[in-house]
Amino acid sequence: FVKIAGHGAAATGRLRRETEGLDWLAGRVTAPEVVWSGEAGTRLALVTTALPGLPLSDVGPDQAEEALAEGARALAALHALPPSGCPGDGSVAALLEEGRRMAAAGLVDAGDFDPVHAGWTPERLIADIAANPPPEGARVPTHGDASLPNLVWSPVSGIGFVDVGRLGPADPWRDFALFLRSAGRNHPGIDAIGLLARTLPGWTYDAARDAGFRRLDELA
């Protein structure tokens, strides 16, 4: 796969962080390998290997529950890694500050907000999150955009992570919130909350963290 950053500092920074994230993940979890990265003309580019399988969003209904359970276990394995050296910063303060920068640059699409925030401006959402931030626990390595299209599943090789430009230490609910939201959209017949509870020992649903990290993701 070849990725070329769009114009602007935000796009270049995201692709640079993806390269750093793939370098850090190598040998720790399954992810594409960096073949080459550098300047392509005036823009940053990244070439990686491909992963076998299908995104979890595209898995058929007969295999979806098995695949989502593997995705949950893969996220838990990522979260169990020592965070030392993990690039990025997924803390609430860092995500909110990045959201402010994105909004100031006109890069937050309010038209794509979840229905609960329909009609809100980015500025209103930022102020509301700042006044009511989600609770945070221990910071662990997180994917940062753990929606189902970014988890690739093969019945032979298991789960691999793609699009890791938002990798960074954070509360694990940063990943679980987006995994659950995406599962509800792509596989609405599956009780994803129940699946996580059955699959991950000791895991319990946290409504405040779920809602809080979904809100932060509106600004990404």
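Here the structure is a predicted model, which is why all the values come from computation and not from measurement.
A salt bridge links Asp114 and Arg185; the closest N-O separation between the charged side-chain nitrogens and carboxylate oxygens is under 4.0 Å. A salt bridge links Lys3 with Asp163: the distance from a Lys NZ or Arg NE/NH1/NH2 to an Asp or Glu carboxylate oxygen falls below 4.0 Å. Salt bridge status for Glu20 with Arg17: absent, with no side-chain N to carboxylate O gap under 4.0 Å.
Closest approach of Leu25 and Ala31 over heavy atoms only: CD1-CB, 4.2 Å. The shortest non-hydrogen separation linking Pro122 to Ala110 is CD-CB, 4.0 Å. When all heavy atoms of Arg174 and Ala170 are compared, the closest pair comes out as CD-CB, 3.6 Å. Nearest heavy-atom pair, Ala130 versus Arg100, reported as atom, atom and distance to 0.1 Å: CB-NH2, 3.9 Å. When every heavy atom of Ala103 is checked against every heavy atom of Ile126, the shortest pair comes out as CB-CD1, 3.8 Å. Taking each heavy atom of Pro134 and Gly212 in turn, the nearest pair found is CB-CA, 3.6 Å.
Residues in residues 205-220 take part in these side-chain hydrogen bond (donor to acceptor under 3.5 Å, both in side chains) pairs, two or more places apart or across chains: His117-Arg215, His117-Glu218, Asp128-Arg215, Arg166-Asp217, Asp171-Arg209, Arg181-Asp217, Tyr205-Asp210, Asp206-Arg209, Asp210-Arg214.
There is a path of hydrophobic side-chain contacts, each under 4.5 Å, that joins Leu22 to Leu78. In the hydrophobic clustering of ILVMFWY residues, with side-chain heavy atoms under 4.5 Å counting as a link, Trp120 and Leu107 come out together. Leu178 and Met102 fall into different hydrophobic clusters, where Ile, Leu, Val, Met, Phe, Trp and Tyr side chains are chained together by heavy-atom contacts under 4.5 Å.
Remark: the backbone N or O of Ala72 is not paired with any side-chain donor or acceptor of Thr199 at under 3.5 angstrom. Although no hydrogens or angles enter the test, the distance criterion places a donor-acceptor pair under 3.5 Å between the side chain of Glu136 and the main chain of Val92. Looking only at distances, no side-chain donor or acceptor of Asp58 sits under 3.5 Å from a matching main-chain atom of Leu54. Using modelled atom types, no side-chain atom of Asp145 and backbone atom of Val164 make a donor-acceptor pair closer than 3.5 Å. Checking side-chain atoms of Arg43 against main-chain N and O of Glu39 turns up no donor-acceptor pair under 3.5 Å. Judged by distance alone, the side chain of His79 and the main-chain N or O of Asp175 form no donor-acceptor pair under 3.5 Å. Side chain of Thr142 to main chain of Pro172: no donor-acceptor pair is present (N/O by atom type, distance under 3.5 Å, no hydrogens or angles).
Using a 4.5 Å cut-off between side-chain heavy atoms of Ile, Leu, Val, Met, Phe, Trp and Tyr, Val2 falls into a hydrophobic cluster with Ile4, Val35, Trp36, Val47. In the hydrophobic clustering, Val152 connects to Leu51, Val162, either directly or through intervening members, whenever side-chain heavy atoms lie under 4.5 Å apart. The hydrophobic cluster analysis finds Val140 isolated: no Ile, Leu, Val, Met, Phe, Trp or Tyr side chain comes under 4.5 Å of it, directly or through other members.
Donor-acceptor pairing under 3.5 Å is lacking for the side chains of His143 and Asn150.
Distance CG/Leu75 to CG/Leu196: 8.5 Å, rounded to 0.5 Å. Rounded to the nearest 0.5 Å, atoms CZ (Phe1) and OG1 (Thr49) are 9.5 Å apart. Atom CZ of Phe176 sits about 7.0 Å away from atom CH2 of Trp173, to the nearest 0.5 Å. With rounding to the nearest 0.5 angstrom, the OG1 atom of Thr204 is 11.0 Å from the CD1 atom of Ile193. In this structure, CG on Asn186 lies 5.0 Å from OG on Ser57, to the nearest 0.5 angstrom. A distance of 4.0 Å separates OG1 in Thr19 from CG in Leu46, rounded to the nearest 0.5 Å.
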Between Ile190 and Leu195, does a side-chain contact (heavy atoms from CB on, under 4.5 Å) hold up when you go through it step by step?
CA-CA 8 Å; Ile190 292 178; Leu195 182 144; 4.1 Å; yes
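The number of heavy-atom neighbours closer than 6.0 Å to CD of Glu123, taken from other residues, nucleotides and ligands shown, is above 12.
Side-chain contact between Pro149 and Ser182: present, with at least one pair of heavy atoms (C-beta onward) separated by less than 4.5 Å. Using a 4.5 Å heavy-atom threshold, the side chains of Pro83 and Arg139 count as separate. Counting only heavy atoms from C-beta outward, the side chains of Trp24 and Leu167 approach each other to under 4.5 Å.
Remark: Phe213 pairs with no residue by the ring pair (Phe, Tyr, Trp, His ring centres under 6.0 Å) rule, at least two apart or across chains.
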Side chains of residues 61-71: which donor-acceptor partners sit under 3.5 Å, not counting sequence neighbours?
| unit_1 | atom_1 | unit_2 | atom_2 | d |
| --- | --- | --- | --- | --- |
| Glu65 | OE2 | Arg198 | NH2 | 3.1 |
| Glu70 | OE2 | Trp153 | NE1 | 3.3 |

